[in-house]
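Indexing begins at 1, ligand by ligand and atom by atom, following the structure's order. We're numbering straight along the sequence, starting at 1. FYI, side chains are in, hydrogens and waters are out, and symmetry mates aren't considered; it's all heavy atoms of this structure.
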Amino acid sequence: MLLNRILKARSLFTTCMLLLWSIGTQQLHAATVKDVRLWRAPDHTRVVLDLSAPVSHKVITLANPNRIVIDIDDSSLQANTQSVDLQNSPVRRIRTGIKDKNDLRVVLDINSQVKPRSFLLKANQQYGDRLVIDLYDKEKQANKVIKHVNDQDRRDIVIAIDAGHGGEDPGASGPNRLREKHVVLAIAKELNYLLKQTKGYKPVMIRTGDYYVGLQKRRELARKAQADLMVSIHADAFRDHRAHGASVYALSRKGASSAMAKVLADDANDSDLVGGVSLGDKDDVLAGVLADLSMSASLDASLQVGGDVVRHMGKIARLHSKRVEQANFSVLRSPDVPSILVETGFISNPGEAKKLATKEYQRKMARAIFNGISNHFSQSPPPDTYLAWQKRNRETVVEYTIARGDTLSGIAQRYEVSVASILKQNDLSSSMIRVGQKIIIPST
Ligand SMILES: [Zn+2]
C-alpha cells in the first residue's frame with residue numbers, strides 16, 4: 001500500500017517534471033537571441049547577439065575545422081542567422097543548435113585564426129542586453145606584439161595636437177577677419193615641428209588642414225594614436241574686447257564624473273576600454289572603480305602638465321589665470337588620455353589678435369607650449385619611453401676608484417662602455433690612470 005503510494009506519487013512527480021520540462025523547452029527560456037549583427041573593423045570582427053535578457057555563456061575555440069562555439073545557458077534563438085552579412089569577415093557560416101536540451105549553441109565557422117573575447121553589455125536607451133563576441137585577427141595581433149617588444153623601454157611619447165575648430169566652424173573671429181581656426185592650426189603646426197625635432201617624441205596632428213573634426217572623433221583619434229597627452233589649441237573671444245590673456249584648462253571634476261558616467265553608460269562604442277581594461281565584463285561597482293581610477297589618474301596628469309605649460313606661457317604672454325583652470329569641455333573628456341586645452345589669447349582683443357596673427361608670435365606660443373610639455377615629460381616620463389630610459393641613465397652614474405692593477409680598457413670592458421667615452425666623460429687626454437683616482441663611468 002505504502003509502496004503503491006510511493007509509486008503513484010513518483011509517477012505523478014515524473015509527469016509534473018515532464019510537463020515542466022516541455023514548457024521549459026518551448027517557452028520558459030531565460031532569454032532569447034533576437035538578432036545577430038556583425039561588423040568588420042581593421043583588426044577584429046565584432047559579432048553582437050541581441051538578447052531579451054542577460055545570459056551566462058561560454059566561448060570555446062576549436063580547430064579542424066576552425067570554429068568558435070558560443071554556449072548560452074537556458075536560451076533559444078529567434079533570429080535569422082542566415083541573413084547576416086558575413087562579407088570580408090573571417091566568419092564563413094553561422095550555425096545554431098540546442099545543447100543539453102535547454103541551452104543554445106551558436107557555432108561560428110571561421111576561415112582564419114582568430115582570438116575571441118566576449119562580454120555582456122547591459123540594456124540602454126538604444127539597445128537591449130547584448131552579448132558581444134570580438135574576434136581578433138591573429139596575424140595583426142602578432143605584428144602588434146613584435147612591434148611592442150622592439151620598442152620596449154624606448155618608445156616615443158605621443159602627443160596628440162588638436163587645432164580647434166576648422167572647416168565650417170571658424171571658431172572665434174577677430175579684427176581684420178582673423179579666424180581662430182587659422183591661427184590655432186598655424187600654432188599647432190609649429191608645435192608639431194618642434195616635437196618632431198626632439199628625440200623621444202612623436203607628435204600626431206588631429207587635423208592637418210581646414211576641415212572640421214567632431215569633438216568625440218578628436219578624442220578617438222588621440223586614443224587611437226595611444227597619445228600620452230592631447231593638447232587642444234584655441235583662442236578665446238569675448239564680447240568685451242578688453243578681455244585678454246592666455247590660459248590652460250583641464251577637465252573639471254564634474255566633467256570627469258559625467259565622462260565617467262558616459263563610459264559606464266554601456267554604449268557599445270564607449271564602454272569598450274578604460275585604461276586598457278575592458279569594462280564590459282566587469283560588474284558595475286568594479287567598473288566604476290576602474291573608470292574612476294583611470295579618470296582621476298588622467299586628470300592628475302592633465303593638471304600637472306597643464307601647470308608646466310601655463311608657467312612657460314606666462315613667460316611670453318599675459319595670463320588670464322596663473323593656475324590651470326578647470327571646465328567641462330567635451331574635447332577633454334577622454335577617460336584615459338590626459339588632455340589639456342590651451343587658450344592662446346583673446347582673438348577679440350585687438351592687441352592680442354594682432355600678435356596672434358604673426359608668424360613670430362605663433363612660433364613663440366608654440367615654443368612655450370613645447371617647453372611646458374617637455375619640462376613635464378623629462379621630469380615624469382612614462383616608464384617605457386625613451387625619455388624614461390634616458391632619465392634612468394642620467395641617474396645611474398657610477399663613480400669608480402682606481403685600484404692597483406686596473407687599466408682603463410679593463411674598466412671599460414667591465415662596465416660595457418668604450419675607453420673613449422670614459423676619457424670624454426672625465427676630461428682625460430690619455431689613458432694614464434693612478435691608484436686612488438676617482439673616475440665617472442659614463443652611462444651606456
Ligand atoms: Zn576655440
Side-chain angles (χ1 to χ4, degrees), residues 159-192 203-222 227 229-252 255 259 302 305-306 309-310 313-314 316-321 323-334 337-359 361-366 368-370 372-373:
I159 308 289
I161 306 172
D162 172 42
H165 313 278
E168 72 271 22
D169 170 16
S173 298
N176 301 321
R177 306 183 60 190
L178 187 63
R179 296 276 187 259
E180 178 184 357
K181 65 173 183 177
H182 296 312
V183 170
V184 296
L185 182 61
I187 296 172
K189 282 182 174 169
E190 291 293 338
L191 178 60
N192 182 58
V204 175
M205 294 278 280
I206 298 295
R207 78 171 168 99
T208 52
D210 188 14
Y211 52 86
Y212 185 73
V213 181
L215 296 176
Q216 191 183 335
K217 181 83 185 166
R218 291 173 199 241
R219 299 196 307 256
E220 280 168 17
L221 288 171
L229 172 71
M230 162 131 119
V231 189
S232 196
I233 303 176
H234 286 257
D236 267 323
F238 195 62
R239 57 182 179 279
D240 182 344
H241 291 180
R242 287 168 300 181
H244 65 268
S247 41
V248 175
Y249 286 89
L251 191 61
S252 63
S302 309
V305 68
V309 170
V310 81
M313 280 171 54
I316 61 133
R318 288 194 295 181
L319 293 179
H320 197 63
S321 158
R323 294 186 43 194
V324 179
E325 296 178 81
Q326 287 185 266
N328 188 8
F329 289 132
S330 166
V331 77
L332 298 177
R333 280 185 226 141
S334 289
V337 179
S339 306
I340 56 171
L341 187 145
V342 176
E343 291 280 7
T344 52
F346 279 81
I347 212 167
S348 51
N349 177 293
E352 284 189 350
K354 209 172 160 187
K355 280 204 256 179
L356 283 166
T358 67
K359 192 96 240 156
Y361 192 74
Q362 289 165 359
R363 284 206 176 119
K364 256 187 173 174
M365 186 52 76
I369 299 169
F370 168 81
I373 292 171

| field | Protein N, O or S within less than 2.8 Å of the Zn ion (ligand 1), waters excluded | value | His165 NE2, Glu180 OE2, His234 ND1
| message | A cation-pi test, strictly: NZ or CZ of Arg219 under 6.0 Å from the centre of the six-membered ring of Phe329 and no more than 45 degrees from its axis. Yes or no? | response | no
| note | Heavy atoms of Ile347 and Arg179 approach each other most closely as CD1-C, 3.8 Å
| query | If you take all heavy atoms of Arg207 and Gly166, which pair is closest and at what distance? | reply | CZ-CA, 3.6 Å
| Is any side-chain N of the basic residue among Asp169 and Lys181 closer than 4.0 Å to the acidic one's carboxylate O? | no
| Aromatic ring proximity, centroids under 6.0 angstrom, His244 and Phe238 | no
| side-chain contact (heavy atoms from CB on, under 4.5 Å), paired with Ile233, selected from Ile340, Val184, Ile206 | Val184
